[in-house]
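Given the structure is predicted, the values throughout are model-derived calculations rather than measurements.
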Amino acid sequence: MSDETPALHETPGARLADRIERRWATVVILIMAVFVVVAAFAGIHQATMPQARVETINPTRLHLGGEFVETNLGSAVEPDGAVTVRAIGQQYSFTPECIVVPTDSLITFRVASADVVHGFLIEGTNINAMLVPGYVSTIEARFDKPGDHLMPCQEFCGAGHEGMWARVKVIDKASFFKMAAEQRRLTCVE
Ligand code: CUA
């Protein structure tokens, strides 16, 4: 009796199902292999190719001299008319706490942390960077219209994190450059 009735897995239908299942299993394995290769490539590429520009700085000596000394913070006009803003983030404030910038100008923010990782984010723009102690974060921006933006720290940095924020005031280009002619470093700290 058992010689005449083929086992279930030997019927033509079962064999077809078996083939389809194997084919799909192969496709799934290939898809996973592609993902593994892509993830490995992205990871290794990122680890082996440094950023185009990495500037290091000693976070414990920012206030003692060099670019981030207190008198050098704020907005400055470069000889070519571009604007550079230098600021520091530390537990739990930014210096200066109010940054003033002109409309329609290329603005380069150069920001450093004096202690732990902080976040540099300007609301209403796509500016969002981390301030990692030991490195200078450089972000270029352009503002089309005057206005006020909040600049909250967006990386948890300790008990006072929520109270760590500053403001960015975008003012008309002509007024900014008039002020800049009279003062070496500009801020809107009152
Ligand atoms: Cu600084 Cu959160």
Side-chain angles (χ1 to χ4, degrees), residues 42 45-155 157 164-190:
H45 182 77
Q46 210 166 47
T48 53
M49 308 294 278
Q51 282 174 280
R53 213 172 110 155
V54 174
E55 281 180 84
T56 56
I57 195 159
N58 182 346
T60 61
R61 304 183 69 80
L62 294 182
H63 60 296
L64 296 178
E67 187 181 348
F68 291 94
V69 75
E70 192 160 2
T71 50
N72 204 36
L73 299 178
S75 311
V77 178
E78 304 296 343
D80 65 355
V83 175
T84 305
V85 178
R86 293 182 180 84
I88 284 182
Q90 70 256 301
Q91 287 166 318
Y92 296 100
S93 62
F94 290 100
T95 311
E97 59 186 15
C98 186
I99 292 171
V100 61
V101 293
T103 52
D104 303 319
S105 309
L106 175 66
I107 296 155
T108 306
F109 289 94
R110 290 177 57 78
V111 195
S113 165
D115 39 43
V116 300
V117 175
H118 296 285
F120 180 78
L121 176 148
I122 302 179
E123 282 186 353
T125 71
N126 63 354
I127 299 169
N128 185 346
M130 277 166 85
L131 307 182
V132 180
Y135 297 90
V136 178
S137 299
T138 306
I139 304 114
E140 288 188 345
R142 208 173 256 282
F143 294 87
D144 297 334
K145 46 180 193 290
D148 290 316
H149 301 262
L150 281 181
M151 195 185 108
C153 173
Q154 102 294 15
E155 292 287 342
C157 53
M164 179 170 176
W165 56 277
R167 283 177 300 140
V168 175
K169 200 179 183 67
V170 185
I171 65 169
D172 162 69
K173 189 173 179 172
S175 334
F176 178 91
F177 281 92
K178 210 173 124 210
M179 277 164 68
E182 291 156 14
Q183 263 175 286
R184 195 176 142 266
R185 294 291 179 263
L186 296 178
T187 72
C188 41
V189 177
E190 281 138 21

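- Considering every non-hydrogen atom in both Arg185 and Thr71, the closest pair reads CG-O, 3.5 Å.
- Ser137 places none of its side-chain heavy atoms less than 4.5 Å from the side chain of Phe109.
- Around the CD atom of Glu97, the shell of radius 6.0 Å holds no more than 12 heavy atoms that belong to other residues, nucleotides or ligands.
- Using cut-offs of 30° and 60° on the angle between ring planes, the pair Phe143 and His149 is tilted.
- Of all the heavy atoms in Asp115 and Gly89, the pair that sits closest is OD1-O, 4.3 Å.
- Counted within 6.0 Å of CZ on Arg167, heavy atoms from surrounding residues, nucleotides or ligands total 12 or fewer; the atom is thus considered open.
- No more than 12 heavy-atom neighbours from other residues, nucleotides or ligands sit within 6.0 angstrom of CD on Glu70.
- Counting heavy atoms from C-beta on, the side chains of Pro102 and Asp172 never come closer than 4.5 Å.
- Of all heavy-atom pairs spanning Leu64 and Val69, the tightest one is C-CG2, 4.3 Å.
- Contact detail for Thr138 and Arg110: the closest heavy-atom pair is OG1-NH1, 3.5 Å.
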Open item on the list: Walk me through whether Gln90 and Thr95 qualify under side chain to side chain donor-acceptor pair (under 3.5 Å).
Closed with: CA-CA 8 Å; Gln90 70 256 301; Thr95 311; 3.1 Å; yes

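- With rounding to the nearest 0.5 angstrom, the CG atom of Leu131 is 10.0 Å from the SG atom of Cys157.
- How far NZ of Lys173 is from CG of Asp104: 6.0 Å, rounded to the nearest 0.5 Å.
- If you run side chain to side chain contact (heavy atoms under 4.5 Å, CB included) between Thr103 and each of Asp144, Val170, Ile171, only Val170 comes through.
- Separating the CD atom in Glu140 from the CD1 atom in Ile127 is a distance of 10.5 Å, to the nearest 0.5 Å.
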TODO: Using the side-chain contact (heavy atoms from CB on, under 4.5 Å) rule, take Phe176 and Ser105 through it: C-alpha gap first, then chi angles, then the decisive distance, then the call.
DONE: CA-CA 11 Å; Phe176 178 91; Ser105 309; over 6 Å; no

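- With contacts defined as side-chain heavy-atom distances shorter than 4.5 Å, the pair Leu62/Glu67 does not qualify.
- When each of Thr187, Ile99, Thr84 is paired with Ser75, the side chain to side chain contact (heavy atoms under 4.5 Å, CB included) condition holds for Ile99 and for no other.
- Nearest heavy atom pair, residue Ala129 against residue Ile139, reads CB-CD1, 3.8 Å.
- Interatomic distance, NZ of Lys169 versus CG of Leu186, reported as 13.0 Å (0.5 Å rounding).
- Atoms CD1 and CD1, from Ile122 and Ile107 in turn, are 8.5 Å apart once rounded to the nearest 0.5 Å.
- Residues Ala87 and Pro96 approach most closely at CB-CD, 4.1 Å, considering heavy atoms.
- Atoms NE2 and SG, on His118 and Cys153 in that order, are 6.0 Å from each other to the nearest 0.5 Å.
- The environment of Tyr135 atom OH is sparse: at most 12 non-hydrogen atoms of other residues, nucleotides or ligands sit within 6.0 angstrom.
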